[in-house]
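Below you'll find the structure, written out as C-alpha cells, and then a few comments.
Because the structure is predicted, anything quoted here is derived from the model rather than measured.
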Amino acid sequence: MSLCILAGGKVLTMAVTAFTLSWMHTVEKTTWSESWQVLPEGLTVVSARVEGSGAGMEPPPDAVSDGTGWTYRPELPAQPRVVLADSAEGGTWRLCGGDECLTLGGTGGAPIVLEPCR
C-alpha cells in the first residue's frame, strides 16, 4: 500500500504501510501525535499521544501516563480519508513514514487530504 497526500494542489505518494502524524497544539504549545496504518479498507489509527492536557485536549480515561505525556488508542473505525485543515495561524502538520518526513500546511490554503492510494 501507499499513502496519497493531496496538498497545495499536488498529489504526493509515500510508499508506506504506516505513518505518524504530529502537530503542535496552538494554545497549549504541546505536541500531539498519532500513529496510523494504511490498509485497503482505509486509514486506521493505531495509537495517539499527547504531552499535556488543557484547552479541550484532556486525555481519555483509559490513557496511560509515562510521566511526560499520555498514550491511548482512539476508538475510530478505518477512515477512507483524513482531512487536515491548513490554517496560516494554526501551524503545520508533520507526517513521517519510513525514512521520509514532510511538513504540511501553514499556508491557509485548501485542506490537506490523506488517503490510501487506489
Check Val38 against Leu3 and note the closest heavy-atom contact, atom names and distance.
CG2-CB, 4.2 Å
Is the closest side-chain heavy-atom distance between Ile5 and Leu102 below 4.5 Å?
yes
Transitive ILVMFWY side-chain link Val46 to Val16, under 4.5 Å:
no
Side-chain cluster (under 4.5 Å, hydrophobic types only) that Val83 belongs to, other residues
Leu6, Val11, Val113
What closest approach, in Å, do Ser22 and Ser33 show between heavy atoms, and which atom pair accounts for it?
CB-CB, 3.8 Å
Can you list everything that forms a salt bridge (charged side-chain N to carboxylate O under 4.0 Å, His left out) with Asp66? Sequence neighbours excluded, please.
Arg49
With Val45, which of Glu34, Gln37, Arg73 fulfils side chain to side chain contact (heavy atoms under 4.5 Å, CB included)?
Glu34
Shortest non-hydrogen separation from Gly106 to Thr92 and the atoms involved:
CA-CG2, 4.0 Å
Is the backbone N or O of Met24 less than 3.5 Å from a side-chain atom of Arg94, with the two atoms forming a donor-acceptor pair by type?
no
Applying salt bridge (charged side-chain N to carboxylate O under 4.0 Å, His left out) to Arg81 and not counting sequence neighbours gives Glu115
OG1/Thr44 to CG/Leu39 distance, rounded to the nearest 0.5 angstrom?
4.5 Å
May I ask you to check whether over 12 heavy atoms, not counting those of Glu75, lie within 6.0 Å of atom CD?
no
Just verifying a value: how many Å separate Phe19 CZ and Glu100 CD, rounded to the nearest 0.5 Å?
13.0 Å
Within-4.5 Å side-chain heavy-atom neighbours: Thr13 and Cys4:
yes
Distance col, row Thr103:OG1 vs Leu95:CG, nearest 0.5 angstrom, shows 9.5 Å
In Å and rounded to the nearest 0.5 Å, what is the OG to OH distance from Ser47 to Tyr72?
9.5 Å
Decide yes or no for Asp86 and Trp93: does some side-chain heavy atom of the first lie under 4.5 Å from some side-chain heavy atom of the second?
no
Heavy-atom pair of closest approach, residues Met1 and Pro116
CE-CB, 3.7 Å
Distance in Å, Trp36 CH2 paired with Leu21 CG, rounded so as to fall on 0.5 Å steps
8.0 Å
Mind checking the CD1-OG1 spacing from Ile112 to Thr107? Nearest 0.5 Å is all I need.
7.0 Å
So, Gln79 side chain and Pro77 main chain: donor-acceptor pair closer than 3.5 Å or not?
yes
